[in-house]
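For reference, the structure discussed in these notes is given below.
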Amino acid sequence: MQEEYDPNIIESKWQKIWKDEKIYEANPLPGAEKYFITIPFPYLNGNLHAGHTRTFTIGDVIARYNRMQGKNVLFPMAFHVTGTPIVGLADLISKKDPQTLNVYESFHKIPKDVLVTLDEPEKIVDFFKKEAEHDMSIIGYSIDWRRKFTTTTPEFKKFIEWQYERLYDLGFIVKGSHPVKWCPVDKNPVEDHDILKGEEATIVEYTLIKFRYKGYIFPCATLRPETTFGVTNLWFNPDVEYVLASVVSGELEENWVVSRECFEKLKFTDREVEFVKTVDPKELIGIKLKNPTTDNTIITLPASFVAGDTGTGVVMSVPAHAPFDYIALKDLEKEDLSDFGISSDDISNIKPVSLIEISDYGEFPAIEVVEEMGVKNQNDPKLDEATKIIYRREFHSGTLKPNTGKYSGIPVSKVKDDIIFDFTAQGLAEKFYEFSEPIICRCGTVCVVNMVKGQWFLNYSNPEWKNKVRKCLSDMEIIPEEMRTDFENKIDWLKDKACARTKGLGTKLPCDPKWLIESLGDSTIYMAYYTIANHVYSGVLTEENMVPELFDYIFLNKGDSKTVSEITKIPSDKIDEIKSEFEYWYPVDMRSSGKDLVPNHLLFYIFHHVALFDEKYMPKAIAVNGFVSLEGEKMSKSKGPLLTLKQAVSEYGADTARMYVLSAAEQMQDADWQKVGIESARKQVERFYYFSKDVLESGCQIPSPNDPRAHIDKWIESRIQYYIKEVSEGLKTIRTRHAIQNAFFLIYNDIRWYHRRGGTLCLKEVVETWAKLMAPFTPHVCEEIWHEFGHEDSIVLSSYPSVNPEKIDIVSETSEKIIIDTMEDIEEIIKVTKATPSEISLYTTPQWKVSVLKIIFDSISQNDESEGKAVNPGPIIKEAMSDPEIRKAGKDVQKYIQKMIKEIHNIPSKFVSDYLKYSISEKEALGHAKEFFEKEFSCNFFIYDYEDIEKEPDADPFKKSKFAEPMRPAIYIK
RNA sequence: GCGGGGAUUGCCGAGAGGUCAAAGGCGCAGGGCUUAGGACCCUGUCUUGUAGAGGUUCGUGGGUUCGAUUCCCACUUCCCGCACCA
């Protein structure tokens, strides 16, 4: 081995060998268990960075682990370039945007002279795909590169066209309109970076309830359409400007009365609106009309809390359940409304209608909360809080009352969508979109919600489709399992998604080629393409011959090879070979990804699979991991800070970077990349290397199974089994931090202890196992050690350690624990007494104490723990005294029992049970460490058991032996 | 607002009813080894303690239990996603 650990030399050496030996090129091996793992391909608008390093390294570790499990592993990679960011970046570079140039030069580390040439999307793609492949190679990912592609290659586009034709045929692609944030001056959708104020705003879907009066419509915007049953009156604000507008929506032509602001907003909806005239609010107030859901007569009343710029300016009033409405009515009781033609009887006749049942509240929750909070009037700021409380409680735990007819008894949270659907069908309601807070465009204009019409959608809201996805999800493994709820929630939440755009790179939508397929939609089933991409690479499959019939046959088993062969001119046996490769590799066994992709990519991945493929090709498992920040700061590709993968590898080496990023945080947690952290990781890897080197140079050999082992040899072999188990469990559940803790740090601590205890026999064996355990994480240094240890084959394909039950040696482990505990006790005494021992005696427990301990322990184990009663000493004393051997000890027995009952819980129960079960001889156990103790404490040691003391009483001059207890010898320090 | 996840000893982070003064790492301190070391090895790192012990701790306040960092309730507080954008 090299004198100095130089990751550069070791890593490039092995990377070259692995590549030359095509060790990661995966081909179907009949009979061998296959394992197909994919990681979402990177988007190439920059260099790979620490975040990729984490996600991809996790994937690589899983791939390597499964390879060492003897599986035939396929781990492919490709590049995503579809969409607008690359086009936008090319634009910024060609314009020499200073910030962009600065970020790409100083964070992405692209030399200025190269950077300025990247002024076209294609050049960016070409540049970064080479960089990305190079980066993934120098960090040692075990990728089959014969399957790489970018998402704009003609061949891949043929595949995407086929996918979208199939989706269209299946009815999953539909035309419709959707709301976007829109600047009326720029006449463009506003994206987050275009927003001056209101970045937090979201588009909220209101329901317009249409109240009718003499051919006019008073549309009320509400988030709670279910409360329509309880409407007692409507609100107009006398100080707001109202207009009458003609509103045409499809076939329907209506006259709406809304606020001026609302009228302006309506222009951007998918309705055609025309101004008719302004309306004096006074004319609107005092009108009597019908509640369409109940046929009750209701009245229109004045209210100052009604805002013209929110909703329609017309508000329906549900005093039983809406604090604003109740308090506004109360305000009116004091006022003279004769100007509006409203009598005081009109007001006093209004009775709140209760329609939602909730525990903790009576009939009229709004009244209760208003009174509890002491709300003064409708302009009291406390009303917002009161509204929130009621809304939340009623939504989450309310159910509808019998006066809601067919909705009676159903929870509010469940019934809302049905009510909206029914009301809409009955012509009672329409949808209306509004921002959660005002948005101001960079140009200073107040933005509106605009309906984009004629847009292509993937109708993810299709209930049948969703159900198939739910079913698929329930059969999948989700790692960590806690993420499953997230997936389930997101399935519910997912609505139709626009799947076409006009800008960017991508594939044309087959059913309407003036549109481009949206970039999240072309990365949903590309894993299937990996299984045939090697034939694109080799030239068998070409743009010309990749026709829909070919894909139908390969992926969907439709048609026959003869016909497809005639169309494509590919020999039919070749087609069948390709098809069989797909069938061999599919489904995907594991897709591992960052958690940001859960609500979009990973969800679509399932949706498209259930839509297109046979049930046997459904994804098997998804694993999700957290982000990486940089010294506590969020990384940003476009703004910095950023640490590139290349930089990390060149500064610290691939093995160190890999080990560090996977040990920095567990799975779902975000990892913070810190200089001190990775530097410490480098030391660890170095230590591993040098330690292995020392073992190699010591000439230590692996003992044969029959060679006699000393106590400490059995101990380390046993401990290793425990770590093998922990590491394997960590890897199976992708808890890489746990795996590394065990595979590296904890194992190393035990090896150090073994070394310190004078163990040498098993060192080589242990280091070899250690190298194998670490091989998925730090493959290069492990391969190096493996070869230096005399192996000809590659560690990549060696078998991962598995637990050998024969090496588990409880007696050695328990004995060693007694030794360690005793040593700690001695150290503590020395510390407290500040003595320098000249001689130390240990006295082991008398047998009767062991017998008593057994009685107590059995009695506790028999007591069902859940019963949870304190141990009663009575029966134990009785039982102990019936044993003549114990009885001899006389009154010490009772004292010991009482002490032990208290303390037994403070001893690990496994330790006690093993001690008792294997009748550990303490004298023998401590005997294993006599020389070690003498060396450690630099004094003579004497170990006596109880019989020894009886024979030579001088051995215990201070009668310390009476303190001896099972597992805790008495100590006398001279 | 909706949904999800957190708060542990100087820091990062394990732990999920008794094994816990609480793994491991980092940092810090002392010692050893060394020509030297930012390498390595040992020890210590809440607090008291001249015999292996005691005291006070795991966001705050209650509760369940023989026993709670771990379970329940309330509160405080932090983070993340919410769409046409990859």
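Chain A is the first sequence line, chain B the second, and so forth, proteins listed ahead of strands; every chain is numbered from 1. Below, all heavy atoms of this structure are taken into account, side chains as well, without hydrogens, waters or symmetry copies.
Out of C85(B), G4(B), G52(B), the shortest distance to the side chain of Arg968(A) is found at G52(B). With A86(B), U19(B), G49(B) as the candidates, the nucleotide lying closest to the side chain of Asn600(A) is A86(B). Of the listed nucleotides (G81(B), A51(B), C85(B)), A51(B) has the atom at the smallest distance from the side chain of Val832(A). Comparing U50(B), G25(B), A83(B) by their nearest atom to the side chain of Thr833(A) picks out U50(B). Each of A86(B), G24(B), U50(B) was ranked by its minimum atom distance to the side chain of Asn749(A); first place goes to G24(B). Each of G25(B), A83(B), G81(B) was ranked by its minimum atom distance to the side chain of Leu494(A); first place goes to A83(B). For Asn489(A), the listed nucleotide lying nearest its side chain is G4(B); candidates were G4(B), A86(B), G81(B). Among the nucleotides C84(B), A51(B), G24(B), the one closest to the side chain of Tyr972(A) is A51(B). Minimum atom distance to the side chain of Trp493(A) is reached by C82(B), of the listed G4(B), C40(B), C82(B). Distance from the side chain of Glu666(A) is smallest for A14(B) among the nucleotides A86(B), A14(B), G52(B).
Taking 4.0 angstrom as the limit, Arg752(A) places none of its side-chain polar atoms (N or O) nearer than this to OP1 or OP2 of C40(B). Note on Arg737(A): every side-chain N or O is 4.0 Å or more away from OP1 and OP2 of A14(B). When the side-chain nitrogen and oxygen atoms of Arg756(A) are compared with OP1 and OP2 of U43(B), one or more of them lie within a distance under 4.0 Å. Phosphate contact (OP1/OP2 of A86(B), side-chain N/O of Arg501(A), threshold under 4.0 Å): present. The phosphate of A86(B) (OP1 or OP2) has a side-chain N or O of Ser519(A) nearer than 4.0 angstrom. A sub-4.0 Å separation between OP1 or OP2 of A86(B) and a side-chain N or O of Ser523(A) is absent. Put simply, Gln669(A) has no side-chain N or O that comes within less than 4.0 Å of OP1 or OP2 on C80(B). The side chain of Tyr748(A) places an N or O atom within less than 4.0 Å of a non-bridging phosphate oxygen (OP1 or OP2) of C41(B). Between Lys683(A) and A39(B), a side-chain N or O to OP1/OP2 separation shorter than 4.0 Å is present.
Aromatic pair Tyr526(A)/Phe41(A): centroids less than 6.0 angstrom apart. Centroid-to-centroid, the aromatic rings of Phe688(A) and Tyr5(A) stay 6.0 Å apart or farther.
When heavy atoms are screened at a 4.0 angstrom cut-off, Lys497(A) is found touching base atoms of the nucleic acid. When heavy atoms are screened at a 4.0 angstrom cut-off, Ala664(A) is found touching no nucleic acid atom at all. Across all strands shown, Phe963(A) has heavy atoms under 4.0 Å from base atoms, whether or not it also approaches the sugar-phosphate. The residue Glu518(A) sits close only to the backbone: its heavy atoms come under 4.0 Å of sugar-phosphate atoms, none of a base. Residue Thr485(A) is out of contact with every strand shown, counting any heavy-atom pair closer than 4.0 Å. Residue Lys595(A) is out of contact with every strand shown, counting any heavy-atom pair closer than 4.0 Å. Nucleic acid contact for Gln684(A): sugar-phosphate only, since backbone atoms but no base atoms lie under 4.0 Å from a heavy atom of the residue.
Met635(A) has its CE atom 20 Å from the P atom of A86(B), to the nearest Å. In this structure, Asp694(A) places its CG atom 12 Å from C1' of C41(B), rounding to the nearest Å.
Atom CD of Glu697(A) is surrounded by more than 12 heavy atoms from other residues, nucleotides or ligands within 6.0 Å. Other residues, nucleotides and ligands place no more than 12 heavy atoms under 6.0 Å from the NZ atom of Lys974(A). The number of heavy atoms from other shown groups lying within 6.0 Å of NE2 (His755(A)) does not exceed 12.
A cation-pi arrangement is found for Arg719(A) relative to Tyr722(A), the charged atom lying closer than 6.0 Å to the ring centre and inside a 45° cone about the ring normal.
Comparing the same atom, P, in G10(B) and in C46(B) gives a spacing of 9 Å after rounding to whole Å. Using atom P as the reference point in both C40(B) and G25(B), the two lie 12 Å apart (nearest Å). Atom name P, nucleotides A21(B) and G81(B): the rounded distance is 40 Å, in whole Å. Taking atom C1' in both A7(B) and C12(B), the straight-line distance is 14 Å, to the nearest Å. As rounded to the nearest Å, G38(B) and G27(B) have P atoms that lie 12 Å from one another. Distance check on atom P: G15(B) versus A36(B) gives 44 Å, rounded to whole Å. For the C1' atom pair drawn from U65(B) and C71(B), the interatomic distance equals 10 Å after rounding to whole Å. A gap of 23 Å separates the C1' atoms of G30(B) and U35(B), to the nearest Å.
Nearer the 5' end of RNA chain B, as judged by each residue's closest nucleotide, is the contact made by Met483(A), out of Lys495(A) and Met483(A). Of the two residues near RNA chain B, Ser909(A) and Ile973(A), the one whose nearest nucleotide lies more 5' is Ser909(A).
One distance of note links NZ of Lys129(A) with OG1 of Thr152(A); it measures 7.5 Å at 0.5 Å rounding. Summarising the geometry, atom OG1 belonging to Thr814(A) is positioned 9.5 Å from atom NZ belonging to Lys817(A); distances are rounded to the nearest 0.5 Å.
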For RNA chain B, what dot-bracket results from Watson-Crick or G-U pairs at under 3.5 Å, with [ ] for crossers and | for inter-strand partners?
((((((((.[[[..)..(.....]]]((((((.......))))))(((....)))...[[[[[..)....]]]]])))))))....
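Every residue two or more places apart in sequence or in another chain that forms a ring-ring contact (aromatic ring centres under 6.0 Å, His included) with Tyr43(A) is listed here: His80(A).
Of the N and O atoms on the side chains of Glu726(A) and His738(A), at least one donor lies less than 3.5 Å from an acceptor on the other residue.
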